[in-house]
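Source: prediction; values computed, not measured.
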Amino acid sequence: GDVSIVEIAGLRELASGLADLQLVEGELEISSNPVLARVCGLPELQRIGGDLVVERNDQLVAVCGFSSLVLIATYSDIGERQPLRRDRTPSRLLVSLNPELRRIGGFPVLTDVEGDITFTDTPMLDEGGGFGALEFFGGTLSVRAAPKLTELSAMTSPMCIRRLILEDTG
């Protein structure tokens, strides 16, 4: 099922509470946590079968805790990569509306994102690395309203990029 970490007023750091989590069958949503500063407590998570959504966290400065994540996809094995089908919504990575976010990293073994990768409305974002293992994604790489972001090389080497959108970036 889904894992939602939403509207937790006193949550400052997503640290050890989910340290043993290895699989999320559905969506992992981390949103609307007013004092959350760091997402760094998911070291064993290997696959997300739905979307990974990090949005509307007013004090978030870093997303860095996905050191074992390999797949954000409905398929469970890299050998099952399929072209996108119209009868299902592909899993995506969405990071949006985090006004203090400076760093997105900590995805050293992520190879596949089935759908889109979107970074939007992150005006302080200046580091988008940490995606050096990324080989495949079947959607659009979209970066909007991130005027300080000047480097995307770690996200532009995958075998399949359907579309690239850059608006208001450094």
Determine, using the 4.5 Å side-chain heavy-atom cutoff (strictly less than), whether [X] and [Y] are members of one ILVMFWY cluster.
X: Leu166; Y: Phe119; value: yes
X: Ile117; Y: Leu97; value: no
X: Leu164; Y: Leu149; value: yes
X: Leu60; Y: Leu11; value: yes

Fellow cluster residues of Val53, listed by chain then number, with links counted only when side-chain atoms sit under 4.5 Å apart: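 Noted: Val53 shares its cluster with Leu94.
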
If you measure from [atom1] on [X] to [atom2] on [Y], what distance do you get to the nearest 0.5 Å?
X: Glu25; Y: Ile48; atom1: CD; atom2: CD1; value: 11.5 Å
X: Ser32; Y: Arg56; atom1: OG; atom2: CZ; value: 6.5 Å
X: Asp112; Y: Glu135; atom1: CG; atom2: CD; value: 6.5 Å
X: Asn33; Y: Glu55; atom1: CG; atom2: CD; value: 11.0 Å
X: Arg102; Y: Met124; atom1: CZ; atom2: CE; value: 4.0 Å
X: Leu141; Y: Arg163; atom1: CG; atom2: CZ; value: 11.5 Å

What ring pair (Phe, Tyr, Trp, His ring centres under 6.0 Å) pairs are there with at least one residue in residues 38-58, not counting sequence neighbours?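 Listed once each, the pairs would be none.
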
Would you mind listing every ring pair (Phe, Tyr, Trp, His ring centres under 6.0 Å) that reaches into residues 43-69, with sequence neighbours excluded?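 Every pair satisfying ring pair (Phe, Tyr, Trp, His ring centres under 6.0 Å) with a residue in residues 43-69: Phe66-Phe107.
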
Does Ser91 offer a backbone N or O that forms a donor-acceptor pair with the side chain of Glu114 under 3.5 Å?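 Yes, Glu114 side chain to Ser91 backbone: donor-acceptor pair under 3.5 Å.
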
Could you check whether any side-chain N or O of Thr111 sits under 3.5 Å from a backbone N or O of Ala133, counting only pairs where one atom can act as donor and the other as acceptor?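 Flag not set: sc Thr111 to bb Ala133 has no pair under 3.5 Å.
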
Shortest non-hydrogen contact from [X] toward [Y]:
X: Pro43; Y: Ser68; answer: O-OG, 2.6 Å
X: Ser67; Y: Val109; answer: O-CG2, 3.4 Å
X: Cys64; Y: Arg38; answer: SG-NH2, 3.4 Å
X: Ile72; Y: Gly50; answer: CG2-O, 3.5 Å
X: Pro99; Y: Asp58; answer: CG-O, 3.7 Å

In the structure I gave you, are the side-chain heavy atoms of [X] and [Y] within less than 4.5 Å of one another anywhere?
X: Leu45; Y: Val24; result: yes
X: Leu93; Y: Phe131; result: yes
X: Ile104; Y: Thr122; result: no
X: Leu125; Y: Val143; result: no

With respect to Leu28, which candidate in Leu42, Val54, Asp51, Leu21 satisfies the side-chain contact (heavy atoms from CB on, under 4.5 Å) definition?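 Among Leu42, Val54, Asp51, Leu21, the one that satisfies the side-chain contact (heavy atoms from CB on, under 4.5 Å) with Leu28 is Leu42.
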
Of Leu36, Val95, Asn98, which meets side-chain contact (heavy atoms from CB on, under 4.5 Å) against Ile30?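 The option that passes is Leu36.
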
If you look only at pairs with a residue in residues 122-134, which of them pass as a salt bridge (charged side-chain N to carboxylate O under 4.0 Å, His left out), with sequence neighbours excluded?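 Salt bridge (charged side-chain N to carboxylate O under 4.0 Å, His left out) check on residues 122-134 returns Arg103-Glu127.
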
Applying side-chain contact (heavy atoms from CB on, under 4.5 Å), name anything that partners Arg12, two or more places apart in sequence or on another chain.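 Once residues adjacent in sequence are excluded, the partners of Arg12 under the side-chain contact (heavy atoms from CB on, under 4.5 Å) criterion are Val35.
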
Under the rule for side-chain contact (heavy atoms from CB on, under 4.5 Å), what residues qualify as partners of Ser142, not counting sequence neighbours?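 Applying side-chain contact (heavy atoms from CB on, under 4.5 Å) to Ser142 gives Thr118, Thr140, Arg144, Ile165.
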
Please report the C-alpha distance between Asn57 and Val39 in whole Å, then the side-chain angles of each, then the deciding distance to 0.1 Å, and finally whether the side chain to side chain contact (heavy atoms under 4.5 Å, CB included) criterion is met. CA-CA 10 Å; Asn57 298 290; Val39 174; over 6 Å; no

